[in-house]
Q: 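Pasting in a structure now, in structure tokens, and then I'll have a few things to ask.
Computed from a predicted model, the values in this text were never measured in an experiment. One-based numbering along the sequence shown.
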Amino acid sequence: MGDLRAHCVFLLAFCSGFCFGTPNRCDDVRKVFQLRQIGPNQLLPLNPRAGSDLQVCMSKNLTCCTKKMEEKYQVAARRDAQNLVQTSSSGLKFLISRNVAAFHDAFEVLMRQAENHTNAVLQESYRVMADQAAGPVRELFTDISLFLLGSELNVDDLVQRFFDALFPLVYNHLIDPGLSDITPGYAECVRSSSRDVRPFGGGPSLLAEQISRSGVSGKLLLQALHLGIEVINTTDHLQLSRECRRALLKMHYCPHCQGLTQSQPCMGYCLNVMRGCLASMAEIDAHWREFVRSLEGLSARMHGPQDLEQVLLGVHTQLHDAVGQAQKNGPRLSAQVHKLCGPPSRRPAQSVSIQRSSSRASVPLKAFVRVSGDSLATMRRDFLSSLRLHRTFYGGLADQLCVSDLASGDGLSCWNGTNIVKSYTLRVVGNGIKAQSVNPEVKVKEADPVINQIIDKLKHVNQLLQGKSIPKLGSLDQIETGSGDTEGRYSGDCDDEDGCSASGGGENKRKVSRVSKLSPDATGDHKHHHHHHHYPPADESEVKGRSRSLGLAGAIWILMLPCVHMLLAL
């Protein structure tokens, strides 16, 4: 019994030394301070001291912290939180930006293929004029390409321009062929008569309508994805409120002041802090889910005459039909051109074209076999099935950070903001702004205005994606992107109370090269019901292999408990 008593007295003496005053106690704090590059080491006191000057990490015990250290911890806590958010979103951001690039590339490949097919059909069916038609064909596909990638071209005009350029060639070689070519001046007159004579019937306007319809969908898809990246860039650089920053400091670094460098926050405590800090982000959740659903809806509608790939790879058929119709109406067209431009004036006979028009009756090639690897439809399908895995990203972010990265595992002692305890006993609030009114750890006033702005853009693009208010072609720039790509606009240590606005010049474009987590985030669609003390159980798969060391302090408290009982009973 005497031995046990001596052992306990030793333990108590050791612990009171550790917890309230031996110089060694601050050694661990110094190590971590150095390791995490929180600040210069000379900021640490050699011995624990009374912490009357501290703002957030106040404690009745002696402390290893000074006011200057607390300020450094504050910056570190904010930086850690932002890094965690950015790491969590990097997989999603990479998925979208990689696919934006892939869609751009696929459009380019598609344009080249469609151009080659069109030229091949002209060579096969109308060899005499095919070489001269190659220029206008190239211009047509260059214009379509510019239209798809966002320029404000009018599709009717660009298609009409192509058929206008084609008419003199069709006239010269197929309708009224002579021993030599018509003169440039006469060709120009034939070109400008095209609108009145309408040699190709309804062909041009049908093609223009198909390109417009399928093109608007492709264009909208790209712009929506750019907005998706902007949403992530905005939330990646969100300005955390002063209340939130203080709560993060208290959760992450205040235990260090008491020498508890190994402690983890309790799960319920972590959820309250993170749900408070990310309350505005959780407001994006419903709109982000709708964004993913709306993209799926748009993609489902992109088939037949709405499928860009089909329309562009079918241009050659339409062109063949249009030229065939002009040939059929040859006599009428010839008479109309004579009336408008006079009889054909031709170049001197030495420039006789050797090839005569013998190909009039030749059969067009069968529809071309597609040679592109992945069709756009397959690419869209694969992309959207990956994006679906991220649809709950904003709703589950706070929980995911606590479960995966921050909080202590179930049943382990943990930090509750003031002490190491067996479990957290305060109420755990839900996600989103409304739920925060009763948050015991973070006061949340209202949604962040920057988040409200991005939600408005999402609402707008969701309506466009659902086809509710597709505006006239080319006026999609209401959702033009850009503001999310700038850093410096929302960052910077600026307290709400200081009355400084969070809008610095953020025009410097950032290149985002950091991609650290490529796997989709494992936040399922399950809804948690939050009662008193309840929080979602950590997913087994995420907790496995994540046993946290309690650290010396926790271990000593556990060893001491029987001794305390025994001494009290003496």
Side-chain angles (χ1 to χ4, degrees), residues 54-58 67 70-89 231-254 265 268-285 287-288 393-402 405-407 416-418 426-456 483-484 486-504 506:
L54 298 181
Q55 307 275 297
V56 179
C57 300
M58 293 163 289
K67 190 167 185 303
E70 199 181 42
E71 285 164 16
K72 294 288 182 196
Y73 278 141
Q74 166 77 91
V75 172
R78 194 188 71 190
R79 188 188 59 212
D80 294 349
Q82 286 210 314
N83 285 344
L84 270 178
V85 169
Q86 287 173 20
T87 304
S88 300
S89 68
V231 172
I232 300 161
N233 280 338
T234 302
T235 52
D236 271 358
H237 302 112
L238 195 65
Q239 166 81 4
L240 301 172
S241 75
R242 183 165 185 265
E243 283 284 348
C244 160
R245 296 202 305 269
R246 289 170 76 97
L248 288 170
L249 164 62
K250 192 172 170 187
M251 180 169 86
H252 284 301
Y253 289 110
C254 286
Y269 173 47
C270 178
L271 288 172
N272 276 341
V273 171
M274 296 313 286
R275 285 173 180 176
C277 280
L278 304 182
S280 283
M281 273 196 216
E283 294 295 311
I284 297 174
D285 181 48
H287 308 285
W288 184 259
F393 176 71
Y394 284 107
L397 184 57
D399 301 38
Q400 188 218 325
L401 294 180
C402 287
D405 300 289
L406 299 172
N416 70 357
T418 41
L426 298 179
R427 172 182 188 160
V428 177
V429 301
N431 276 299
I433 296 284
K434 281 201 185 80
Q436 305 315 309
S437 59
V438 288
N439 190 328
E441 306 297 344
V442 192
K443 281 191 181 57
V444 178
K445 296 173 190 154
E446 60 199 346
D448 186 292
V450 175
I451 294 286
N452 286 341
Q453 220 179 346
I454 208 77
I455 285 175
D456 285 344
S483 58
T486 55
E487 198 177 12
R489 190 170 300 195
Y490 317 128
S491 35
D493 199 353
C494 164
D495 285 354
D496 310 357
E497 287 88 338
D498 300 347
C500 65
S501 71
S503 62

Q: So, do Asp399 and Arg275 sit near enough that their side-chain heavy atoms are less than 4.5 Å apart?
A: yes
Q: Holding to side chain to side chain donor-acceptor pair (under 3.5 Å), I want the full list of residues that pass it with Lys443, two or more places apart in sequence or in another chain.
A: none
Q: Is the closest side-chain heavy-atom distance between Leu248 and Cys277 below 4.5 Å?
A: yes
Q: What distance do Glu283 atom CD and Asp285 atom CG have between them, rounded to the nearest 0.5 Å?
A: 9.0 Å
Q: Listed by chain and number, what are the side chain to side chain contact (heavy atoms under 4.5 Å, CB included) partners of Ala447, not counting sequence neighbours?
A: Ser280, Ile433, Asn452
Q: Taking C-beta and beyond as the side chain, do Ser88 and Leu397 meet within less than 4.5 Å on heavy atoms?
A: yes
Q: How many angstroms lie between atom CE of Met281 and atom CH2 of Trp288, to the nearest 0.5 angstrom?
A: 12.5 Å
Q: What distance do Leu401 atom CG and Leu271 atom CG have between them, rounded to the nearest 0.5 Å?
A: 10.0 Å
Q: Parallel, tilted or perpendicular for Tyr73 and Tyr253, by the 30°/60° rule?
A: parallel
Q: Report yes if the side chains of Val231 and His287 come closer than 4.5 Å at any heavy-atom pair, otherwise no.
A: no
Q: Measuring only between side-chain heavy atoms, which start at C-beta, is Val450 closer than 4.5 Å to Gln239?
A: no
Q: Going from CD1 on Ile454 to CG on Asn233, what distance comes out if it is rounded to the nearest 0.5 angstrom?
A: 9.0 Å
Q: OG1/Thr234 to CD1/Ile284 distance, rounded to the nearest 0.5 angstrom?
A: 8.0 Å
Q: Kindly say whether Asp236 contributes a backbone atom to a donor-acceptor pair with the side chain of Gln86 at under 3.5 angstrom?
A: yes
Q: Looking at every heavy atom in both Lys250 and Gly417, which two are closest together, and how far apart are they?
A: CE-O, 3.4 Å
Q: Heavy atoms only: give me the nearest Glu441-Asn439 pair and the separation to one decimal.
A: N-OD1, 2.8 Å
Q: Give me the atom names and distance for the closest heavy-atom approach of Ala435 to Asn431.
A: CB-O, 3.7 Å
Q: Between Val429 and Gln436, is any pair of side-chain heavy atoms under 4.5 Å apart?
A: yes
Q: Could you state the interatomic distance from CD (Gln400) to SG (Cys402), rounded to the nearest 0.5 Å?
A: 10.0 Å
Q: With a 4.5 Å cut-off on side-chain heavy atoms, are Pro440 and Asn272 touching?
A: yes
Q: Any heavy-atom pair between the side chains of Gln74 and Glu70 that's under 4.5 Å?
A: no
